[in-house]
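It should be emphasised that the depicted structure is a prediction, and the values quoted were computed from it without experimental measurement.
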Amino acid sequence: MAIPLTDNEEEEQEEAKDITIRVMSSQSVLVTWSDSIPEKQRTTTSRQYTVRYREKGESARWDYKQVPNKRVLVDKLIPDTMYEFAVRISQGEKGGKWSASVYQRTPEADISMIDEHDITHRLHTEGRSEGVCGGTVVDWPVLDILSACGM
């Protein structure tokens, strides 16, 4: 992925509009937006879109996703956390202005949405044969671990 242009390298480009955030789960959202130039009026150089996002707070680090279409799934978010999102349109080497920020809180984790296989894989990957939650050691199965963790 290309590194986003800095604010000093911005050229006059259209700004993304109508940014919407649709919550897909406690850890993912779908970000969509509109482009003020209809596709049939765009030049032969393809437009790229960069979405930046971070936990709310000016000291938080931005993460970026670059896509060729007007939607992107942002995942691996933290449940029950406020996030800030913005979009920028680029065409060729020219990067536009960042859109106004849009804020969305991810919902609290819901046990019905937790993937037992993913948790099992993570615990195995970390070399654990038992789960640890808040200082409590819990043997398999994974649902016992979730229960002990209050999930």
Legend entry - Basic-acidic side-chain contact under 4.0 Å: Arg61, Asp63: yes
Inset, instruction - Taking atom types as modelled, find out whether Ser101 and Glu84 have a side-chain donor-acceptor pair closer than 3.5 angstrom. - result: yes
Legend entry - Atom pair CD (Glu15) and NZ (Lys97), whose distance is rounded to the nearest 0.5 Å: 5.0 Å
Inset, instruction - Could you pull out the closest heavy-atom pair between Arg71 and Trp33, with the gap in Å? - result: N-CH2, 3.5 Å
Inset, instruction - Apply side-chain contact (heavy atoms from CB on, under 4.5 Å) to Val29 and Phe85, showing your working. - result: CA-CA 11 Å; Val29 297; Phe85 299 87; 3.6 Å; yes
Legend entry - Over all atoms of both residues, closest heavy-atom pair of Glu108 and Pro79: C-CB, 4.2 Å
Inset, instruction - Could you grab the distance from atom NZ of Lys17 to atom CG of Asp35, nearest 0.5 Å is fine? - result: 10.5 Å
Inset, instruction - Could you walk me through whether Arg105 and Asp80 pass side-chain contact (heavy atoms from CB on, under 4.5 Å), step by step? - result: CA-CA 6 Å; Arg105 178 176 293 282; Asp80 194 28; 3.6 Å; yes
Legend entry - Worked check of side-chain contact (heavy atoms from CB on, under 4.5 Å) between Leu77 and Tyr53: CA-CA 10 Å; Leu77 301 175; Tyr53 61 97; 4.0 Å; yes
Inset, instruction - Kindly say whether Thr81 contributes a backbone atom to a donor-acceptor pair with the side chain of Thr106 at under 3.5 angstrom? - result: yes
Inset, instruction - Return the minimal non-hydrogen interatomic distance between Ile89 and Ala16, and the atom names on each side. - result: CD1-N, 3.7 Å
Inset, instruction - Could you check if a side-chain atom of Ile78 sits within less than 4.5 angstrom of a side-chain atom of Tyr83, using non-hydrogen atoms only? - result: yes
Inset, instruction - Flag the pair Ser99 / Arg88 as yes when at least one side-chain heavy-atom distance between them is below 4.5 Å, and no otherwise. - result: no
Inset, instruction - Let me see the working for Trp98 and Thr50 under side-chain contact (heavy atoms from CB on, under 4.5 Å), right down to the final yes or no. - result: CA-CA 9 Å; Trp98 285 107; Thr50 304; 3.7 Å; yes
Legend entry - Close side-chain approach of Arg22 to Thr32, heavy-atom, < 4.5 Å: no
Legend entry - Shortest non-hydrogen separation from Val74 to Lys65 and the atoms involved: CA-CE, 4.2 Å
Inset, instruction - Determine whether Arg54 and Trp62 make a side-chain contact, defined as any pair of heavy atoms from C-beta on separated by less than 4.5 Å. - result: yes
Inset, instruction - Mind listing the closest non-hydrogen atom pair of Met82 and Gln104 along with its distance? - result: SD-C, 3.6 Å
Legend entry - Within-4.5 Å side-chain heavy-atom neighbours: Val31 and Ile19: yes
